[in-house]
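Reviewing the structure listed below.
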Amino acid sequence: MLYSSVDFAITMKKYSWLLLFAFPFLGMSQYSLSVEVQGVKSSLGNINIAIYNRSQGFLEYEEVFKVDRIAAQEATTNFKIMDLPNGEYAVAIFHDENGNDKLDTNWLGIPKESVAFSNAKIKAFGPPSYKECAFNLNRDLDLKMQFN
């Protein structure tokens, strides 16, 4: 059965609200973040990745925007995070060699496992701030990070 031009116009008018609803989402681009982690001491355990999109709650598990885990590969481990919208981010990773899903620290709170941050290094007294780690994602991006 063929539609007449009148039927087509009525159908388009009937569903035009759907286009208005979907239009704002068409402009929201999604990007990927490829990360090369250098200095991985062994293939034991996992590399745990936390991506933050705001300074409030930086390095707090409850405030993570996106989290992932990948099997560690000695020397260099690569991973890719997909579907990140345009914006500002900071990445924190650690090598969970013993597989207990937490960053092990000594009694002073100093990490016993390797850690790394985007665009920053660990300071003598504590981790870097969100602003020190932050970068803008407005295209697919390759990032290199180095364990301490």
Side-chain angles (χ1 to χ4, degrees), residues 3 8 11-148:
Y3 282 112
F8 180 74
T11 302
M12 288 306 294
K13 194 173 192 181
K14 190 175 180 182
Y15 292 105
S16 63
W17 65 270
L18 188 60
L19 284 174
L20 292 175
F21 175 74
F23 185 72
F25 297 105
L26 297 176
M28 293 177 64
S29 297
Q30 301 289 307
Y31 301 106
S32 65
L33 177 64
S34 298
V35 180
E36 178 181 300
V37 183
Q38 300 171 340
V40 181
K41 295 176 184 152
S42 75
S43 293
L44 297 173
N46 297 305
I47 305 296
N48 289 7
I49 304 110
I51 300 177
Y52 297 86
N53 63 348
R54 59 189 183 141
S55 61
Q56 182 180 354
F58 181 57
L59 300 181
E60 293 178 19
Y61 183 76
E62 299 79 22
E63 299 295 326
V64 173
F65 175 71
K66 205 166 205 179
V67 65
D68 203 355
R69 167 185 315 138
I70 188 167
Q73 295 176 1
E74 188 172 356
T76 302
T77 300
N78 295 292
F79 64 90
K80 190 172 201 172
I81 304 292
M82 304 293 290
D83 301 325
L84 291 170
N86 184 32
E88 183 179 71
Y89 297 95
V91 178
I93 60 174
F94 76 94
H95 185 180
D96 184 20
E97 284 189 90
N98 60 10
N100 67 354
D101 287 328
K102 69 176 193 165
L103 176 62
D104 297 324
T105 60
N106 66 16
W107 63 277
L108 291 173
I110 298 171
K112 291 181 181 179
E113 297 174 306
S114 298
V115 296
F117 301 92
S118 52
N119 297 332
K121 295 185 180 200
I122 291 184
K123 301 177 193 178
F125 299 102
S129 69
Y130 174 84
K131 283 295 178 195
E132 291 172 310
C133 299
F135 59 91
N136 285 313
L137 186 68
N138 53 18
R139 59 180 169 77
D140 292 342
L141 183 65
D142 295 329
L143 190 64
K144 289 187 181 188
M145 296 175 68
Q146 177 75 40
F147 275 137
N148 55 341

- How far apart are the closest heavy atoms of Ser118 and Cys133, and which atoms are they? OG-O, 2.7 Å
- Message: Which heavy atom of Gly57 sits nearest to which heavy atom of Tyr52, and what is that distance?
- Response: O-CE2, 3.7 Å
- Item | Gap separating the CG atom of Asn53 from the CG atom of Leu84, nearest 0.5 angstrom | 9.5 Å
- State, with a plain yes or no, whether a side-chain heavy atom of Lys112 is found less than 4.5 Å away from one of Thr105. no
- Query: With sequence neighbours excluded, what pairs up with Phe65 under the ring pair (Phe, Tyr, Trp, His ring centres under 6.0 Å) test?
  - Reply: Tyr89
- Can you list the steps and then say if Ile81 with Val35 is a side-chain contact (heavy atoms from CB on, under 4.5 Å)? CA-CA 8 Å; Ile81 304 292; Val35 180; 5.8 Å; no
- CG/Leu143 to CG/Asn119 distance, rounded to the nearest 0.5 angstrom? 6.5 Å
- Message: Salt bridge or not between Glu88 and Arg54? Use side-chain N to carboxylate O under 4.0 Å.
- Response: no
- Item | Of all pairs that satisfy salt bridge (charged side-chain N to carboxylate O under 4.0 Å, His left out), the ones with a partner from residues 133-148, not counting sequence neighbours | none
- Item | Salt-bridge contact Arg69-Asp96 (side-chain N to carboxylate O under 4.0 Å) | no
- Item | Heavy-atom closest contact (Val64 atom, Ala50 atom, distance) | CG2-CB, 4.1 Å
- Task: Mind running side-chain contact (heavy atoms from CB on, under 4.5 Å) on Ile93 and Phe79 for me, showing each step along the way?
- Result: CA-CA 11 Å; Ile93 60 174; Phe79 64 90; 4.2 Å; yes
- Distance, nearest 0.5 Å, that separates CD1 of Ile47 from OG of Ser114: 8.0 Å
- Query: Taking atom types as modelled and ignoring hydrogens, do the side chains of Thr76 and Glu36 form a donor-acceptor contact shorter than 3.5 angstrom?
  - Reply: no
- Message: Please find the pair of heavy atoms, one from Leu103 and one from Glu113, that lie closest to each other, and give the distance.
- Response: CA-OE1, 3.6 Å
- Message: Run Asp83 and Lys66 through salt bridge (Lys or Arg N to Asp or Glu O under 4.0 Å) and show every step you take.
- Response: CA-CA 10 Å; Asp83 301 325; Lys66 205 166 205 179; 5.2 Å; no
- Nearest heavy-atom neighbours spanning Phe117 and Leu59: CE2-CD2, 3.7 Å
- Task: Kindly determine whether Val67 and Ile49 satisfy side-chain contact (heavy atoms from CB on, under 4.5 Å), including the steps that lead there.
- Result: CA-CA 6 Å; Val67 65; Ile49 304 110; over 6 Å; no
- Using the salt bridge (Lys or Arg N to Asp or Glu O under 4.0 Å) rule, take Lys41 and Glu97 through it: C-alpha gap first, then chi angles, then the decisive distance, then the call. CA-CA 9 Å; Lys41 295 176 184 152; Glu97 284 189 90; over 6 Å; no
- Can you find a heavy atom in the side chain of Asp68 that is under 4.5 Å from one in the side chain of Ile51? no
- Item | side chain to side chain donor-acceptor pair (under 3.5 Å) partners for Asn100, two or more places apart | Asp104
- Note on the structure: For Ser34 and Lys80, the nearest pair of non-hydrogen atoms, with its separation, is OG-CE, 3.5 Å
- Query: Can you tell if the side chain of Gln38 reaches within under 4.5 Å of the side chain of Phe147, non-hydrogen atoms only?
  - Reply: no
